[in-house]
There are 2 protein chains.
Amino acid sequence: MLGVLGVVGDKWSILVVGQLRDRTLRFGELHRAVTGISQRMLTLTLRQLERDGLLTRTVYASVPPRVEYTLTELGSTLLDAATALGEWAAAHREEIGDNRRRYSDAHPPRSRS
Amino acid sequence: MLGVLGVVGDKWSILVVGQLRDRTLRFGELHRAVTGISQRMLTLTLRQLERDGLLTRTVYASVPPRVEYTLTELGSTLLDAATALGEWAAAHREEIGDNRRRYSDAHPPRSRS
DNA sequence: CAGGATCCGGGGGGATACTG
DNA sequence: CAGTATCCCCCCGGATCCTG
């Protein structure tokens with residue numbers, strides 16, 4: 001279960017799955033939709049999700065090539081939990097930022113005497 | 001938000017927060033409750049969650065020392081999303097295990113020709 | 001366009017030993 | 001009991017360049 005949680009709890013997985021709610025996206029679209037993700041991490045994340053059966057990868061033999069990613073039924077069952085976590089993070093981003101700053105002030109880094 | 005998601009999406013965070021639903025636990029109790037976590041990772045996880053204001057750390061000046069961890073109000077608001085993800089992982093552990101095995105068979109590792 | 005390959009530095013995370 | 005302190009290895013993950 002730790003292995004499973006390590007994948008579905010991953011921040012990139014959560015953001016990618018969230019983007020695929022109700023729609024199919026291509027690699028480049030996902031890359032643009034998920035801010036901050038590198039090409040490499042997007043590829044690795046998609047491979048993991050495909051391996052675990054959360055999404056399907058469809059290759060169209062056209063030129064230029066098209067690859068589309070779609071949630072499977074299993075992937076859709078994760079959608080609610082994943083977006084809940086994502087929305088929680090977005091909703092409390094500022095509050096947590098404040099908390100971190102307060103913590104830094106209360107627990108100053110060790111200064112070299 | 002990536003930073004926040006990196007913490008609340010972390011597998012250890014999710015399991016720790018889940019254990020603190022409706023109760024206060026000591027360090028050792030948490031260590032036993034969260035299977036597989038090392039002492040070091042438990043400490044680091046608890047520090048992060050404390051820093052972000054998701055739980056409080058209470059030290060009792062007794063001997064032997066007691067340290068208790070309790071969810072804050074903010075931490076409680078994460079509870080639903082976190083346990084949803086945890087339960088999803090537990091519920092689909094076997095199915096995902098199957099998927100991984102099937103994927104391994106369909107995508108055999110490169111053999112040195 | 002959708003990646004694969006490679007290089008590389010930083011940090012995650014276990015094991016172990018020690019302390020207030 | 002509840003950590004802290006090291007050591008150390010591995011892998012994450014970004015940057016860059018290359019390919020079908």
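We name chains A, B, ... by the order of the sequence lines, and we start the count at 1 in each one.
Comparing atom distances between the A/R26 side chain and each of C/dC1, C/dG20, C/dT6 picks out C/dC1 as nearest. Comparing C/dG4, D/dA15, C/dG14 by their closest approach to the side chain of A/R40 singles out D/dA15. With D/dG14, D/dG3, C/dG3 as the choices, the nucleotide that has an atom nearest any side-chain atom of B/Y69 turns out to be D/dG3. Checking C/dG4, D/dG3, C/dA2 against every side-chain atom of A/V67, the shortest atom distance belongs to C/dA2. Closest contact between the side chain of A/M41 and the listed nucleotides C/dC1, C/dG3, D/dG13 involves D/dG13. Closest contact between the side chain of A/Q39 and the listed nucleotides C/dG13, C/dG3, C/dT16 involves C/dG3. Comparing C/dA2, C/dG14, D/dC1 against the side chain of A/F27 picks out C/dA2 as the nearest. Of the candidates D/dA2, C/dG14, D/dG13, the closest approach to any side-chain atom of B/R57 belongs to D/dA2.
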Given the rule in the side chain to side chain contact (heavy atoms under 4.5 Å, CB included) test, do A/I96 and B/L74 qualify, once you have shown the distances and angles that lead to the verdict?
CA-CA 9 Å; A/I96 288 187; B/L74 177 60; 4.2 Å; yes

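As a whole-Å value, the separation of B/L46 CG from D/dC1 C1' is 14 Å. The interatomic distance linking A/R66 (CZ) with C/dA2 (C1') rounds to 12 Å, in whole Å. Atom CG in B/L42 sits roughly 11 Å away from atom P in D/dT4 (whole-Å rounding). Atom-to-atom, CD of B/E50 to P of D/dA2 comes out at 15 Å; the value is rounded to the nearest Å. With rounding to whole Å, A/H31 atom NE2 is found 14 Å from C/dG4 atom P. Following rounding to the nearest Å, B/H107 (NE2) and C/dG3 (P) show an atom-to-atom distance of 13 Å.
When heavy atoms are screened at a 4.0 angstrom cut-off, A/Y60 is found touching no nucleic acid atom at all.
Between B/D105 and B/R102 there is no salt bridge, since none of the side-chain N atoms of the basic residue sits less than 4.0 Å from a carboxylate O of the acidic one.
With a 6.0 Å cutoff to the six-membered ring centre and a 45° limit on the axis angle, B/R66 counts as a cation-pi contact of B/Y60.
Nearest-nucleotide assignment on DNA chain D puts the 5′-proximal partner with B/E68, out of A/P65 and B/E68. The nearest heavy atom of DNA chain D to A/K11 and to B/G28 marks one nucleotide each, and the one closer to the 5' end goes with B/G28.
Checking side-chain atoms of A/T72 against main-chain N and O of A/G53 turns up a donor-acceptor pair under 3.5 Å.
Around atom CZ of B/R51, more than 12 heavy atoms belonging to other residues, nucleotides or ligands sit under 6.0 Å away.
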